[in-house]
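Report on one structure; see the data block that follows.
On a predicted model such as this, the values are computed, not experimentally measured, just so you know. Each ligand, and each atom within it, is numbered from 1 in the order the structure gives.
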Amino acid sequence: MKISNTKLRIKRHHELRIVKGHPWIFSNEIENFSALKNIEKGSLITVQINKDDDFALAYFNPHCLIAARILTYDLSQKIDEDFFIQKILAAKNLREKFYDKPFYRLIHSEADFLPGLIVDRFGDVLSCQISTAGMEKLSPLLISALEKTLPDAAIIFRNDVEARKFEGLELEVKIVKGEIPDEIEIEENGLKFLIDVKNGQKTGWFFDQRENRKFIGSISQNCDVLDAFCYSGGFGLNALKNGAKSVTFIDSSEDVLKILEKNLSLNDFSQKTEVICAKVFDVLESSDFQKRIFDVVLLDPPAFVKSKKDFFVGLKGYEKLTRLGAKLTKKGGILMLTSCSHNATLPDLIAAANEGFRKSGRKAKLIRSFGVGFDHPVNPALKESEYLKSVTFLVE
Ligand code: SAH
């Protein structure tokens, strides 16, 4: 693909973060921004530091705060089908070291050196999500590279993520190859799950919680378990498989609970289960529910800190959830709280939880902090890519 004739020059004193490998360039860090304003969004551009040293190749969008994202530091590298094939094969190799079944996140954006792209693999179905104009422009190369590396796979683009609006992109869902069944059966931690990639949330499934679900399974024998914000049952089913006495599921989406019911029958459990379709805070605050008690309480809400301006309100949300969850936890029981907010760090989450325990009058011991599974690598230069935090407490 053609590279823009004009190069992007980084302002003096702004190079260090970029030289250290952070792949984003903000519009206010660009020396010659006015000369680049009319470049078509998504174009390839050479990035220069120290006035005129060519440093990297990026894609560029003049309408965005994150104006450029670096694709490669090898200036002789052509951004072509082979570039994508190499990245996909390297990513696939990593996943195959850990998983013997083809169900995993295949491409995790900047961490797999393909910024703005997520690909989840459900066997022979690839559910992709593009969030930037640069990756959108490169998508024909991506599609042909996916066809070469995984020739049997059907491909759907779940490009209905809000972040696309910042890049001036339409929100859409489109099938670009093959047929996508209404439900796909996958296996995770030895359990069967049905996935609706066309209508499910995000790409259809949250692969990032696989290790945390396994951990919950490992401590759930003979336990009464609460799975709040359950989606189609990832955590609760792991608990049932490992001998939980009962699981209570709560989610506000009827659609996901229909799949949960199917997942429960697919795995043929005999224990007691209860499915509540309602808002979690409403249930946890209701006087009837407050009489209940659980050995294991799981709280896996959607992101409360969606942007920096939501920081304090969002953290109050985690605090309140912990306070309500702690009241429902048996003495000596376990409470797991997770956050998928990029903008809240692990210490932020622990501090919010601590405040929640204090306000509920309970004492807690932090026994485990964990992030994502192996198929969600982190770019060590980009702390924003470390989004998922899961903290587990023993509650006294
Ligand atoms: N625990 C799940 C993933 C949770 S995603 C897993 O392991 O796969 C967050 C879920 O919260 C979604 O299913 C969404 O429908 C649900 N949700 C969002 N807001 C909610 C609310 N206020 N009350 C109940 N559920 C909510």
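The existence of a salt bridge linking R210 and D375 is confirmed by a sub-4.0 Å separation between a basic side-chain nitrogen and an acidic carboxylate oxygen.
Residues satisfying the ring pair (Phe, Tyr, Trp, His ring centres under 6.0 Å) test with F33, not counting sequence neighbours, are none.
Listed for the Y318 side chain is no donor-acceptor partner under 3.5 Å among the backbone atoms of D348.
Here ring pair (Phe, Tyr, Trp, His ring centres under 6.0 Å) pairs that include residues 49-69, with residues two or more places apart or in two chains, are F55-Y73. Within the structure, the ring pair (Phe, Tyr, Trp, His ring centres under 6.0 Å) test picks out the following pairs touching residues 148-196 (sequence neighbours left out): F193-W205.
For ligand 1, the 4.0 Å heavy-atom shell contains residues Q201, F206, R213, F229, C230, Y231, F235, D251, S252, S253, A278, K279, V280, D300, P302.
For the pair R368 and F215, the cation-pi criterion (under 6.0 Å, within 45° of the ring axis) is fulfilled.
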